[in-house]
Every structure is written in structure tokens, then in C-alpha cells.
Amino acid sequence: MANQISSPCSVQERSALFTDFYELTMSQGDWLKNKNRRAVFEMFFRRNPFKGGFSVFAGLETLLDCVKTFRFSDDDIQYLHSLKFFNEGFLDYLKDFKFTGSIYAMDEGSVVFPHEPLLRIDSTLIECQILEGLVLNTINFQSLIATKTARVKLAAGEGGIMEFGLRRAQGQDGALSASRASFIGGADGTSNTLAGKQFGIKVMGTMAHAWIMSFANEEDAFRTYAEVFPNNPVFLIDTYDTLKSGVLNAIKVGKEVIAHGGNFGVRLDSGDMYYLSKKVREMLDEAGCRNATITVSNDLDERIISTLTSQGAPINSWGVGTQMVTGGSDSAFTGVYKMMCLEDGNGNLKPTIKFSDNPEKTTTPAIKQIWRIYDKTGMTQADILAIDDPDNSDNSEKLDCCKKECFWHPSADYRHFYQTLDTAPQPLLKKCMEGGKQISQNPSLSEVQDFCKKELQTFDASYKRLLNPHIFKVAITTKLRTLKLDLIKNFLGDL
């Protein structure tokens, strides 16, 4: 892939006004009361989308690119001043606002699961708060689309995936971000030409029905297209009648292409895809066009594709649009952003907890590292959350190889399991920004896609099936469970 800009960070996202209003009101309160202390926030999510067994982490490079230039312009300050809501001293503070802290994150393209931090932000309380909207907006959307595409790719097996969603995506930025995230999840290319230029993704496309309708007949439309694009043209064959007209004309013109040393393909965009693809394949083969390819489109999703592939439909590639770039059945990723530690009056960083009557919504306190456990064959077994202390490594928990450990459900209830660590656990959170500056190197988008593909291969098929997937184990250490229960006990004791 060429060296491209692989982040769609927009002008709007570079403005620090790209935040919820209450972040600014809280920040003014912190500034006025001298409460702008050090804080640590984490982003995690509560459930996999699409009733699936896994998710894909995407949007990191976009986020880092935006954070580096996240500022209040003079025009932004004037707007805030016009609201007559903010203190002049606070507005002066915002004039020089920039992120000065650290960000730790998983590698983009990682396979991830509920309850584990995708990233950690360690900075001042005001900076952490103002970044919340940007973090959630960026990571939630791209992770949703990357996850959807990974499911589509798994359903398609060896078939190619083309992202055709530009015209159905939520606005221009939504289309660009969706193209980027779809590629991470496994799409082979995109119809979005700007995304191709900006991210170095292969652009794909053939013809519309309007092309065929602009000619006196279908045969002339196909022949003219083949004259203009003689290298492997793909003919859209359902404008009038797929079997009685479209495929017959495609074969006639396609044989001329073959005679000149090329090949061709056909695309179906309507009708019963199983029946039509079978009949079209038979007709192509009988005419001696055995190398001609069949592409299908028309509001496809992973379940439709899985059904067709399991039935043996002879389809070579799939054009997926609406259902992939919008999230289809799930409109949003369930990512949240919560405080895990806050500096006290003595300058000590103390764990914090959000308590809820719903155990699933009670946060797991403290700064944490995620340790991924593999068996001797390299297959992933579990993810373990353990206490981490970037300021003092002696306070961080160590997971010992070849030792049997007891791990607990993140809700800190009775559910637990024992696991012997056959190989050295791998830490997933890595520092990528320090002092407001990026210290990690961005991989190319192709490298991110390849990493995601290899990650998925380390998980048993039971976690990746579309229907009733097996639940992957995400757990906390005994020490972290004790801390969580102690904080809950202290909270209840104060009531």
C-alpha cells in the first residue's frame, strides 16, 4: 500500500468544541475550585454488537491524529463567550488548551471483548473530560463497522468483499470512517473513491443500471463498456431479465473479451441470489466461460451471505453496502468512558468506582493491564484484567507462567475459574502518547487489516460463529476483585 493518510479526522473533530456541553460546564467547575487534578479514565464496552462473540477495535489512529490537534480556535472561544455562561478566566485557560497527558491502547485491529479497557487516558481531570466525546464518537463507530465487516468476511469464506456503502452512510465523515473501518475488518476494497485516495484502499466498481438504459440495447451497452475497459469488465445483468437477456448478452460480449486474451464477470443486484447464481453459473460454463466470475450485491449481510455459502451458491465476490457501513441491526457500539483513578488532596492517585444496582454497570476500579493468555498451540484462552501501576512497576500485578491461577468474573461475584498459564501472557495495552505527543508509529492500514485477520485465527471457531457464539472468558485477578469488593463495601457503609 502507498504511504497514505489513514485517518479521516475532520475539521469539526479537530475543534475542541466537538465535546458534550456538560464536559465544559464540569471543567469550569474544576478550574474554579482548583480541582484540575490528575485523573485516569478508561474506555470499555458492555456487550458485543450483533449478538456476536467478539468485536474488533478500530479508530485508534484517527483518534490520536485528532487529539494532537484538538484545540479551541479564536472563533470557538468567541462562541463560548457569546453563551454568557463561562468565566472569563476559564475561557482564557481554554485558549491555550491542548492535551498534555498519556494514552495507552490496544493495537488497532485487536479482537476485543466486553468489560476490558480498549484504551486508557492519564492526564488532568479537565483534559480527560473534554476528550470524552471525541474518544467515544471515534472508537464506537469505527469498532462497530470493523466488527460488522469481520463477521461478513467470516461468512463469505474465500469470497471477496467489496464495501459499497458510500450512498447509505451517515454523512461524508461517516462514509470515510466506514470505508476505513471496513477495510480493517477485512473488506478487499471500496467504492468510495475519496477513501481510496486518502487511505490507499483499492477502489472497485463496475456499472449502474443507468449505463445500460442509456443505450439502445443491452448488448451495445456491454460491448461499449468492454471497449472502454477491456481488462476484465464486469457486466450488470439484471436490468431487464437476468436469464433471458442479461447473461446471454454478457456471454456474447464476454467471448469477444476472452478472444482478445481477457476475462469477464457478471453482477447480480436483484432476485433470488441462490437460484440465479446457480443458473448463471450453469449457462456460463455451458458456453465455455468457466473462468467468468459472479458478483452479487443487494442489501446483503453476514446472515444472508452465510446462508448462500452454506448452500453452495457459486458466488465469487460480494458487494455489501448498507448493512455494513451503518451497522445494520445494531446502530451503535456500547462503548463507555469512566474514571478509574483520581488524585486526592495529598497528591496520591486513588482508585474510584461507579456503583450501580446493576452489577454489570458497576465499574472495575484502578489502573489495569489486560493480559491475553494463550495455550501451547497459540490459541487464545482468556483475557485477564490485573492491577497496573505505570508510576511504580513494583505495585503492578505479575501473572506467572506455568502457574495455576484463580480468576473471577468482572462483576466480582461468585463466578470464577482456574487456569494454568501454559505460556507467558501478553500485555495488550501499550503506551502510544506521552506528554501529549505520539510516541508510537502508526502501522499501514494493510498491516492493521492483516493483524486483525491473524488475531481472529487464534480464536476457536465457537467464538466466531454467527448464531449463539461461545462466550469468551474475560476475568479479573483475586487482588483486583478484593479491591473492587472493598470499595463497594465502603460505599455501602457510608449510606
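For clarity, every value in this text was computed on a predicted model and none was experimentally measured.
Heavy-atom neighbours of Glu360 CD from other residues, nucleotides or ligands within 6.0 Å: above the threshold of 12. Within a 6.0 Å radius of CG in Leu485, more than 12 heavy atoms belonging to other residues, nucleotides or ligands are found.
Side chains of His209 and Leu236 form a contact here, defined as non-hydrogen atoms less than 4.5 Å apart. Taking the side chain as every heavy atom from C-beta outward, Leu487 and Pro351 approach each other to under 4.5 Å. The side-chain heavy atoms of Phe57 and Ile139, taken from C-beta on, include a pair separated by under 4.5 Å. Residues Asp383 and Ile373 have side chains not in contact (no heavy-atom distance under 4.5 Å, counting atoms from C-beta outward). Put simply, the side chain of Thr206 does not reach to within 4.5 Å of the side chain of Phe235, judged on heavy atoms. Looking at Lys464 and Phe54, their side chains come closer than 4.5 Å, going by heavy atoms from C-beta outward. Put simply, the side chain of Leu24 reaches to within 4.5 Å of the side chain of Phe72, judged on heavy atoms. The shortest side-chain heavy-atom distance between Ile130 and Leu94 falls under the 4.5 Å cut-off.
The distance from the CD1 atom of Ile161 to the CE atom of Met204 is 10.0 Å, given to the nearest 0.5 Å. One distance of note links OG1 of Thr423 with CD of Gln381; it measures 8.5 Å at 0.5 Å rounding. Distance check: Lys338 NZ to Glu132 CD gives 7.5 Å after rounding to the nearest 0.5 Å. Between Ile121 atom CD1 and Ser102 atom OG the span is 10.5 Å, to the nearest 0.5 Å. Summarising the geometry, atom CD belonging to Gln419 is positioned 9.0 Å from atom CG belonging to Asp375; distances are rounded to the nearest 0.5 Å.
Of all heavy-atom pairs between Thr352 and Pro365, the closest is O-CB, 3.1 Å. Between Pro117 and Leu385 the shortest heavy-atom distance is CD-CD2, 4.0 Å. For the residue pair Ala292 and Asn316, the shortest heavy atom distance occurs at O-OD1, 4.4 Å. Heavy-atom minimum distance, Tyr337 versus Cys128: OH-O, 2.8 Å. Of all the heavy atoms in Ser270 and Asp238, the pair that sits closest is OG-OD2, 2.5 Å. In terms of heavy-atom proximity, Gln449 sits nearest to Ala187 at NE2-O, 2.9 Å.
Side-chain contact of Ser110 with Asp107: a donor-acceptor pair under 3.5 Å is absent, judged by distance alone. Donor-acceptor pairing under 3.5 Å is recorded for the side chains of Ser462 and Asp460. Between Gln438 and Lys68, the side chains place a donor N or O and an acceptor N or O closer than 3.5 Å (distance only, hydrogens not considered). The closest side-chain donor-acceptor pair between Thr364 and Lys484 falls under 3.5 angstrom. Remark: the Ser15 side chain and the Asp76 side chain contain an N/O donor-acceptor pair separated by less than 3.5 Å. Looking at Thr190 and Asn192, their side chains never bring a donor and an acceptor atom within 3.5 Å of each other. If you check the side chains of Ser356 and Thr362, you find no donor sitting under 3.5 Å from an acceptor. A side-chain N or O of Thr100 and one of Glu127 form a donor-acceptor pair less than 3.5 Å apart. For the residue pair Asn48/Ser55, the side-chain donor-acceptor check at 3.5 Å is satisfied. At a cut-off of 3.5 Å, with distance as the only test, a side-chain donor of Thr62 or Gln142 sits close to an acceptor on the other residue.
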Pair Phe41-Leu125, side-chain contact (heavy atoms from CB on, under 4.5 Å): steps then yes or no: CA-CA 9 Å; Phe41 281 68; Leu125 181 56; 4.0 Å; yes
Test side chain to side chain donor-acceptor pair (under 3.5 Å) applied to Ser411 and Asp413, step by step: CA-CA 6 Å; Ser411 295; Asp413 56 24; 4.7 Å; no
CA sep, side-chain torsions, deciding dist, call: Asn395, Ile387, side-chain contact (heavy atoms from CB on, under 4.5 Å): CA-CA 8 Å; Asn395 294 332; Ile387 294 175; over 6 Å; no
Test side-chain contact (heavy atoms from CB on, under 4.5 Å) applied to Ser191 and Val203, step by step: CA-CA 5 Å; Ser191 67; Val203 289; over 6 Å; no
side-chain contact (heavy atoms from CB on, under 4.5 Å) between Leu445 and Ile184, intermediate numbers included: CA-CA 7 Å; Leu445 211 55; Ile184 290 173; 3.9 Å; yes
Derivation and outcome, side chain to side chain donor-acceptor pair (under 3.5 Å), residues Glu108 and Asn442: CA-CA 9 Å; Glu108 190 165 16; Asn442 294 324; over 6 Å; no
Test log, rule side chain to side chain donor-acceptor pair (under 3.5 Å), inputs Thr124 and Arg37: CA-CA 5 Å; Thr124 66; Arg37 297 164 285 171; over 6 Å; no
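Partners of Asn291 under the side-chain hydrogen bond (donor to acceptor under 3.5 Å, both in side chains) rule, at least two apart in sequence or in another chain, do not exist in this structure. Partners of Lys454 under the side chain to side chain contact (heavy atoms under 4.5 Å, CB included) rule, at least two apart in sequence or in another chain, are Asp450, Gln457.
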Name every donor-acceptor pair, under 3.5 Å, that has one atom in a side chain of residues 321-330 and the other anywhere in the protein, sequence neighbours excluded.
from   : atom 1 : to     : atom 2 : distance (Å)
Thr322 : OG1    : Arg168 : NH1    : 2.9
Gln323 : NE2    : Asp299 : OD1    : 3.3
Thr326 : OG1    : Thr322 : O      : 2.6
Thr326 : OG1    : Gly328 : N      : 3.2
Asp330 : OD2    : Arg47  : NH1    : 3.2
Asp330 : OD2    : Phe50  : N      : 2.8

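Below 30°, between 30° and 60°, or above 60°: for His416 and Trp408 the angle between ring planes is between 30° and 60°, a tilted geometry. Taking the six-membered ring where tryptophan is involved, the planes of Phe407 and Phe417 are tilted, since the angle between them lies from 30° to 60°. Using bins of under 30°, 30° to 60° and over 60° for the plane-to-plane angle, the ring pair Phe97/Phe70 lands in the perpendicular bin. Ring planes of Phe45 and Phe333: tilted class, angle from 30 to 60°.
For the pair Asp96 and Lys98, the salt-bridge criterion is not met [side-chain N within less than 4.0 Å of a carboxylate O]. The existence of a salt bridge linking Arg303 and Asp301 is excluded, since no basic side-chain nitrogen approaches an acidic carboxylate oxygen closer than 4.0 Å. Between Glu302 and Lys153 there is no salt bridge, since no side-chain nitrogen of the basic residue lies less than 4.0 Å from a carboxylate oxygen of the acidic one. The pair Lys431-Glu434 meets the salt-bridge criterion, with a side-chain N (NZ, NE, NH1 or NH2) lying under 4.0 Å from an Asp/Glu carboxylate O. Ion pair Glu116/Lys368 not flagged as a salt bridge, since none of the NZ, NE, NH1 or NH2 atoms sits closer than 4.0 Å to an Asp/Glu carboxylate oxygen. Salt bridge annotation for Glu455-Arg372: present, with a cationic side-chain nitrogen under 4.0 angstrom from a carboxylate oxygen. Salt bridge annotation for Arg38-Asp122: present, with a cationic side-chain nitrogen under 4.0 angstrom from a carboxylate oxygen.
Of the residues Leu118, Ile370, Val336, Leu119, the one that meets the side-chain contact (heavy atoms from CB on, under 4.5 Å) test with Phe44 is Val336.
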